[in-house]
Every structure is written in C-alpha cells, then in structure tokens.
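Chain naming here is simple, since letters A, B, ... match the order of the sequence lines and numbering starts at 1 in each.
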2 protein chains.
Amino acid sequence: MRTAYHEQLDQLSQQLGEMCGLAGAAMERATQALLQADLVLAEQVISDHEQIVAMSARAEEAAFVLLALQAPVAGDLRAIVSSIQIVADVDRMGALALHVAKIARRRHPHHALPEEVNGYFAEMGRLAVELGNSAQEVLVTRDPEKAARIGDEDDAMDDLHRHLFTVLMDREWKHGVAAAVDVTLLGRFYERFADHAVEVARRVIFQVTGHHPDVEDVPAAR
Amino acid sequence: MRTAYHEQLDQLSQQLGEMCGLAGAAMERATQALLQADLVLAEQVISDHEQIVAMSARAEEAAFVLLALQAPVAGDLRAIVSSIQIVADVDRMGALALHVAKIARRRHPHHALPEEVNGYFAEMGRLAVELGNSAQEVLVTRDPEKAARIGDEDDAMDDLHRHLFTVLMDREWKHGVAAAVDVTLLGRFYERFADHAVEVARRVIFQVTGHHPDVEDVPAAR
C-alpha cells in the first residue's frame with residue numbers, strides 16, 4: 001500500500017514535470033511565432049494550450065484523490081500540498097505562453113516586434129525553454145543544486161528584461177508607442193514565466209527540506 | 001471535536017477574507033500615491049506589504065495543520081485545499097498593490113501618470129477596493145450570487161483596461177514612450193488584481209458546489 005502510494009506521488013511529480021516541459025516548449029514556439037510573424041505557429045500554441053489546462057485539472061484531481069484516500073502525514077502530506085500549489089504555477093506558465101502567441105496573432109501579418117529587440121526576445125525564448133526543462137528536472141530529481149541553477153536562469157531573464165527597458169526608454173526609440181506597449185507586455189510575460197519556474201523550484205525544495213530556500217539562492221517570484 | 005474543527009475552518013476563511021480586504025486597501029492607497037505622487041503613502045504601502053506576506057504564511061500553515069491533525073474528508077478536505085490555493089491568489093493581490101506603489105516611488109517627485117489617464121486609474125483603484133471587499137464577503141458568506149457580482153466588477157475593470165489601451169494607441173498620445181510603458185504595466189497590475197479576486201470567488205464556489213462555475217458567470221483568471 002505504501003509503495004503504491006509513493007508510486008502515485010512520483011507519477012504526480014512526473015506529470016507536473018511534463019507540464020513544465022510543455023510550457024517551456026509552448027513559450028519557445030510562441031517566441032518563434034513572434035519573431036517570424038508566423039500565424040500557423042501562433043494558432044498551434046493557442047490550440048495546444050487546452051492540453052496544458054487539461055493536464056492541470058488532472059494533476060490537481062490526482063493530488064486531491066491522494067489526499068482523500070491516503071490521508072498522508074508529515075513529509076508526504078507536504079509533498080501533495082506542494083503539488084497542488086505547483087499546478088497553479090505551471091498552469092500560469094502555460095497561460096503566459098498563450099498570451100505571447102495571442103499578441104503574435106493579433107499583429108499578423110505584421111511583426112509585433114521592431115527588429116531592434118528581436119535578439120532580446122530570441123534569448124528570452126531560449127531561457128524560457130531552459131527554465132521549463134530545469135523545473136522539470138527539479139520536480140523529478142528534487143535536487144536542491146538544480147533548483148539553485150534555476151535562480152541563475154531567472155537572473156539572466158531579469159537582466160534581459162532590464163536591458164529591454166533601457167532600449168525602450170532610450171530617446172532613440174523610433175517605433176512608436178504601440179510597439180512600445182507590445183514590447184512592455186511581452187517582456188513582462190517572459191519575466192513572469194521565469195518567476196513561476198523559480199516558484200516551482202522553491203516549492204520542491206521546501207517539500208524536501210521543510211523550509212523555504214534563502215531568497216539569495218532561489219529568488220522569490222514577485 | 002468536529003465543532004472545534006469547523007470553527008478553525010471558519011477562522012481560516014475569515015483570515016483569508018481579511019487579507020483580501022487588506023489587499024484592496026493597499027491597492028487603494030497605492031492608487032492615491034500614484035495619483036498624488038505621494039511618497040509617504042507609497043512607502044507605507046511598501047512597508048505594510050510585509051503584513052500581508054506574514055498573514056499568507058500563517059494562513060497557509062493553519063491550513064496545513066488542519067490537514068495534518070484532522071485528516072478531513074470530502075467537502076471539508078475540498079475547503080482546506082481551496083484555502084491553500086486562495087492564499088496564493090491573495091498573496092499575489094498584495095504583491096500587485098506593492099508593484100503599483102513601487103512605480104509611484106520610482107517616479108517621485110514626478111507623477112508617473114499623465115493627467116489625461118488619472119480618471120481611469122482613480123476608477124480602477126476604486127474597483128480594486130470593491131473587488132477586495134467582495135472577495136472577502138464571498139469568503140465569509142460563500143454566497144454564489146455575491147461571487148457572480150465579482151464577475152461584474154471584473155468586467156468593469158476589463159472595460160477600463162481596454163479603454164486605457166485605446167488612449168495609449170491614439171496618435172494623439174503625446175506623453176512619450178516612458179509614460180506609455182508605465183501606464184501599460186500599471187494597467188496590467190490592476191487587471192491582474194481583478195483576475196485574482198475572481199479566482200478567489202471561483203475557488204470558493206467550487207468549494208461549495210463541487211464544480212467550477214461557468215466561465216460566463218465568473219470569468220476565469222487568464
């Protein structure tokens with residue numbers, strides 16, 4: 001009985017990990033759609049989003065059933081509660097990829113982004129995939145060192161986001177206000193995506209160690 | 001024993017409700033700080049934020065202890081799981097008020113907002129208070145009709161947010177890109193605040209009825 005239970009718990013972590021990977025892949029495709037003004041790709045991200053929503057609902061239900069049937073205690077209880085909280089973060093990661101795809105669709109056949117900032121978004125898209133994969137690894141391995149690495153990736157995302165703002169605020173910006181609004185929102189979506197990946201890692205580490213990691217190691221998602 | 005348990009559960013809902021009220025009040029003060037370029041008020045919102053964070057941590061721990069000690073089943077279990085999820089939403093509402101206050105502080109002694117959009121933000125601030133109070137009422141009364149009212153308030157916030165964008169996108173916008181970036185982010189913060197209040201109501205209704213309310217009644221927080 002205990003063994004079956006722990007298998008189910010592992011399965012749940014696997015599921016959550018897969019969802020993180022899918023969210024990262026969705027962000028990558030949304031980024032491509034954005035950079036290439038590719039409507040088909042944007043539509044694909046938008047229709048694929050249902051899959052992440054359905055997986056979220058299943059994962060939440062699986063966690064609930066584990067709580068209801070097994071009445072776990074101590075560390076096991078903490079693990080399931082964390083899983084339920086993680087579902088909300090991963091769900092949000094998927095929604096942010098959806099937002100990016102929707103902006104690409106709204107601006108089609110035009111490019112939403114001025115060429116000047118393409119490099120920033122290509123890099124932020126690459127980081128989003130890494131963050132999704134790292135969160136998946138942390139969920140499966142529960143390795144605090146891997147969780148700390150997510151902090152580094154989040155720092156890199158924050159740096160890009162900050163630089164992006166200096167480009168926007170520069171008096172030389174000549175792409176108008178509409179493009180600035182899009183770039184502002186898009187930058188925010190990538191930054192939040194990273195924050196949620198960090199939060200997933202924080203929750204896993206809390207689950208393993210029973211206390212929240214130092215903000216220096218893994219910054220809080222704010 | 002059952003009675004003490006239900007008292008604790010009610011207490012938890014009360015706590016979450018108070019947090020919603022505090023988040024709404026924080027958003028109101030942050031809005032005043034923004035409209036009046038009031039540094040003292042902005043600083044107050046920023047330092048008061050710790051209180052919401054501490055209350056979040058306490059509420060989450062209280063919910064966890066209820067799960068651990070009482071091993072609740074069925075509806076009671078669902079209520080506690082919802083509470084844990086609601087903590088994350090309310091925590092986020094507080095963080096969004098903090099973001100607004102930080103922009104007011106960053107731009108001080110200047111006004112972050114061009115006078116032209118003051119009216120929008122005054123109204124969005126007013127709605128935020130209402131949303132915080134409505135979420136509190138829903139938590140305490142668990143009344144589905146009150147939950148549906150939050151949907152209306154969220155619709156009003158969305159309308160304001162949309163109008164704000166038409167002002168920004170207008171060729172007549174003459175306040176430059178930096179102000180447009182601030183207005184874009186600020187608008188997003190109020191919109192997300194409303195979304196989280198809606199999500200709180202959705203979770204309470206799910207808790208009461210066992211199924212998610214129709215998106216037409218209470219729109220999903222996306």
Let's go through B:Leu185 and A:Thr184 carefully: what are the C-alpha distance in whole Å and the side-chain angles of both, what is the deciding distance for side chain to side chain contact (heavy atoms under 4.5 Å, CB included) to 0.1 Å, and is it a yes or a no?
CA-CA 7 Å; B:Leu185 285 178; A:Thr184 301; 3.6 Å; yes
Using side-chain heavy atoms (C-beta onward) and a distance below 4.5 Å, is A:Leu67 in contact with B:Leu77?
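With C-beta onward as the side chain, the pair touches.
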Minimum side-chain heavy-atom gap A:Trp173-B:Val181 below 4.5 Å:
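No. Closest side-chain heavy atoms not under 4.5 Å.
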Within this structure, what is the NE2-CZ distance for the pair B:His99 and A:Arg188, rounded to the nearest 0.5 Å?
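Result: 4.5 Å between the selected atoms.
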When rounded to the nearest 0.5 angstrom, what is the spacing between CE in A:Met169 and CG in B:Asp182?
5.5 Å
Contacting region of A:Ala178 [heavy-atom separation from chain B under 4.5 Å]:
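Both parts, backbone and side chain.
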Please flag which part of A:Ala179 lies under 4.5 Å from any non-hydrogen atom of chain B: side chain, backbone, both or neither.
neither
Which atom pair, heavy atoms only, marks the closest approach of A:Ala180 to B:Val177?
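Here A:Ala180 and B:Val177 meet closest at CB-CG1, 3.7 Å.
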